S.K.: 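This is the structure I want to talk about, given as structure tokens.
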Amino acid sequence: HWKVLFDQFDPGNTGYISTGKFRSLLESHSSKLDPHKREVLLALADSHADGQICYQDFVNLMGNKRSNSFRQAILQGNRRLSSKALLDEKGLSLSQRLIRHVAYETLPREIDRKWYYDSYTCCPPPWFMITVTLLEVAFFIYNGVSLNQFVLQVTHPRYLKNSLVYHPRLRAQAWRYLTYIFMHAGVEHLALNVVLQLLVGVPLEMVHGATRIGLVYVAGVVAGSLAVSVADMTAPVVGSSGGVYALVSAHLANIVMNWSGMKCQFKLLRMAVALVCMSLEFGRAVWLRFHPSAYPPCPHPSFVAHLGGVAVGITLGVVVLRNYEQRLQDQSLWWIFVAMYTVFVLFAVFWNIFAYSLLDLKLPPPP
């Protein structure tokens with residue numbers, strides 16, 4: 001339908017029409033457009049100094065696909081979107097208020113918040129974080145029943161016998177670098193990770209999608225176990241803190257970098273609470289690492305995975321969150337951080353292959 005209308009103003013089939021004709025098209029069919037989307041289209045028209053509108057940009061908008069060139073046109077446009085803010089709209093349903101709340105929690109620009117509010121369909125739902133969380137809870141309950149212990153499970157003598165735990169003596173079993181997230185030190189460890197995953201991870205996935213948030217989460221998990229294998233070579237690893245800290249660190253860094261644009265309520269207080277909770281969890285992990293072990297000579301699980309997750313969050317994670325609905329492969333900073341992450345992974349792999357024997361390190365026996 002829109003292609004036919006566009007072609008009426010483009011008889012030469014050049015793919016461009018003048019901004020004046022584009023405005024006429026919008027005004028004559030404004031009743032068929034969402035008000036927010038119409039505002040963005042008008043901003044697109046005002047941003048083109050050459051007086052022409054590209055059909056492909058128009059298609060991207062109508063199909064809810066925002067190209068990088070389209071975003072730049074919006075950001076550099078002359079039109080100020082001075083209409084009523086999304087936060088001031090009344091008469092919204094419960095689901096609409098939830099979507100609006102998520103938009104203000106995660107996105108720093110009003111234009112992005114309106115775009116997300118208009119285009120979000122809850123299809124697919126935020127399945128990744130919910131699935132991971134349910135699996136973590138299920139494995140914890142199963143392990144708790146097996147060991148007959150739920151608080152500080154990690155102190156049970158048979159805890160490390162589980163094939164999901166990363167153990168330095170069994171580091172050749174590559175799946176352990178990832179599956180350790182399904183084992184937690186105790187209910188106190190699991191509870192904080194689950195709360196942070198649901199309160200931070202689910203809204204981020206609703207906005208940025210399962211692919212991007214899953215990428216940041218898994219990258220944090222892998223970086224966490226590899227960091228332990230390099231920096232705390234004799235210690236095992238358990239818990240999803242690497243992935244959780246990657247997401248939370250990226251989110252907090254994004255808020256700080258866009259402080260004036262972020263409109264979430266009580267953001268300073270909530271940041272302080274989040275940092276306190278993360279610090280307490282990290283302190284608990286440090287204390288546990290140096291607490292007398294329940295299975296000497298192997299120490300308790302390492303805390304270094306937390307730091308690996310933070311490193312991923314403030315690099316790859318920030319780039320993902322700062323480029324809502326944009327192609328990451330068009331961002332030079334993305335490729336820089338991907339290269340850095342790849343170099344680290346390769347270094348850690350070679351370290352695991354050669355360093356343990358060259359250093360003649362005495363590792364704890366297999367569980």
Side-chain angles (χ1 to χ4, degrees), residues 129 132-133 136 140 152-155 159-160 164-168 171 176-201 204 213-256 271-291 293 298-318 320-321 337 340-341 344-345 348 351:
M129 292 309 309
V132 168
T133 301
E136 290 172 1
F140 176 80
L152 284 177
Q153 277 185 5
V154 72
T155 60
Y159 180 81
L160 291 183
L164 301 179
V165 176
Y166 169 84
H167 190 282
R171 65 188 185 281
R176 293 177 180 264
Y177 290 90
L178 185 61
T179 58
Y180 74 92
I181 68 171
F182 299 117
M183 299 291 293
H184 283 79
V187 67
E188 66 290 340
H189 186 199
L190 175 72
L192 183 60
N193 282 345
V194 165
V195 168
L196 290 176
Q197 281 180 181
L198 295 179
L199 292 183
V200 178
L204 289 178
I213 297 306
L215 174 64
V216 175
Y217 186 87
V218 172
V221 168
V222 175
S225 54
L226 290 177
V228 171
S229 70
V230 171
D232 196 2
M233 300 167 67
T234 62
V237 190
V238 297
S240 59
S241 297
V244 171
Y245 274 54
L247 292 180
V248 176
S249 298
H251 182 51
L252 295 181
N254 190 44
I255 291 176
V256 172
M271 278 195 64
V273 171
L275 290 173
V276 167
C277 291
M278 293 173 67
S279 299
L280 289 175
E281 159 58 17
F282 182 71
R284 180 209 59 82
V286 173
W287 168 82
L288 183 63
R289 169 63 178 85
F290 295 106
H291 190 270
S293 177
C298 183
H300 282 148
S302 176
F303 59 86
V304 177
H306 297 68
L307 305 179
V310 171
V312 169
I314 61 178
T315 53
L316 290 174
V318 168
V320 168
L321 300 192
F337 288 142
M340 291 171 58
Y341 184 82
F344 166 72
V345 170
W351 181 272

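All of these numbers come straight from a predicted model, not from anything done at the bench. In this chain, residues are counted from 1 in sequence order.
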S.K.: Taking ring pair (Phe, Tyr, Trp, His ring centres under 6.0 Å) as the test, write out the residues that go with Phe140, two or more places apart.
M.R.: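 Testing Phe140 for ring pair (Phe, Tyr, Trp, His ring centres under 6.0 Å), a comparison that skips the adjacent residues, returns Phe150.
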S.K.: Can you give the donor-acceptor pairs under 3.5 Å from side chains of residues 303-314 to other protein atoms, not counting sequence neighbours?
M.R.:
unit_1 : atom_1 : unit_2 : atom_2 : d
His306 : ND1    : Phe303 : O      : 3.0
His306 : NE2    : Ser241 : OG     : 3.3
His306 : NE2    : Glu281 : OE2    : 3.2

S.K.: Give me each pair satisfying salt bridge (charged side-chain N to carboxylate O under 4.0 Å, His left out) with a member in residues 230-256, each pair once, sequence neighbours excluded.
M.R.: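 Checked against salt bridge (charged side-chain N to carboxylate O under 4.0 Å, His left out) - neighbours excluded - the pairs reaching residues 230-256 are Asp232-Arg289.
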S.K.: Could you note down all residue pairs passing salt bridge (charged side-chain N to carboxylate O under 4.0 Å, His left out) where residues 237-248 supplies at least one of them, sequence neighbours left out?
M.R.: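 Sorted result for residues 237-248: empty, none.
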S.K.: Would you please name every residue forming a ring pair (Phe, Tyr, Trp, His ring centres under 6.0 Å) with Phe344, sequence neighbours left out?
M.R.: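 In terms of ring pair (Phe, Tyr, Trp, His ring centres under 6.0 Å), with neighbours along the sequence ignored, Phe344 is linked to no residue.
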S.K.: List for me each residue that meets side-chain contact (heavy atoms from CB on, under 4.5 Å) alongside Val345, sequence neighbours excluded, and say none if there are none.
M.R.: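 In terms of side-chain contact (heavy atoms from CB on, under 4.5 Å), with neighbours along the sequence ignored, Val345 is linked to Leu226, Tyr341, Val349.
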S.K.: Would you please name every residue forming a ring pair (Phe, Tyr, Trp, His ring centres under 6.0 Å) with Tyr166, sequence neighbours left out?
M.R.: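 Tyr166 satisfies ring pair (Phe, Tyr, Trp, His ring centres under 6.0 Å) with Tyr177 only.
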S.K.: Could you give all pairs that pass the salt bridge (charged side-chain N to carboxylate O under 4.0 Å, His left out) test and reach residues 176-193, with sequence neighbours left out?
M.R.: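 Sorted result for residues 176-193: empty, none.
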S.K.: Can you list everything that forms a side-chain contact (heavy atoms from CB on, under 4.5 Å) with Met271? Sequence neighbours excluded, please.
M.R.: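 side-chain contact (heavy atoms from CB on, under 4.5 Å) check on Met271 returns Leu252, Ile255, Val256, Trp259.
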S.K.: The criterion is side-chain contact (heavy atoms from CB on, under 4.5 Å); which residues satisfy it with Val218, sequence neighbours excluded?
M.R.: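 If we apply the side-chain contact (heavy atoms from CB on, under 4.5 Å) test to Val218, skipping adjacent residues, the hits are Phe128, Leu178, Val222.
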S.K.: List in chain and number order the residues that pass ring pair (Phe, Tyr, Trp, His ring centres under 6.0 Å) with His184, two or more places apart in sequence or in another chain; answer none if no residue qualifies.
M.R.: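 Ring pair (Phe, Tyr, Trp, His ring centres under 6.0 Å) check on His184 returns His189.
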S.K.: Can you name the residues that form a side-chain contact (heavy atoms from CB on, under 4.5 Å) with Leu164, not counting sequence neighbours?
M.R.: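 Phe139, Asn162, Thr179, Phe182, Met183.
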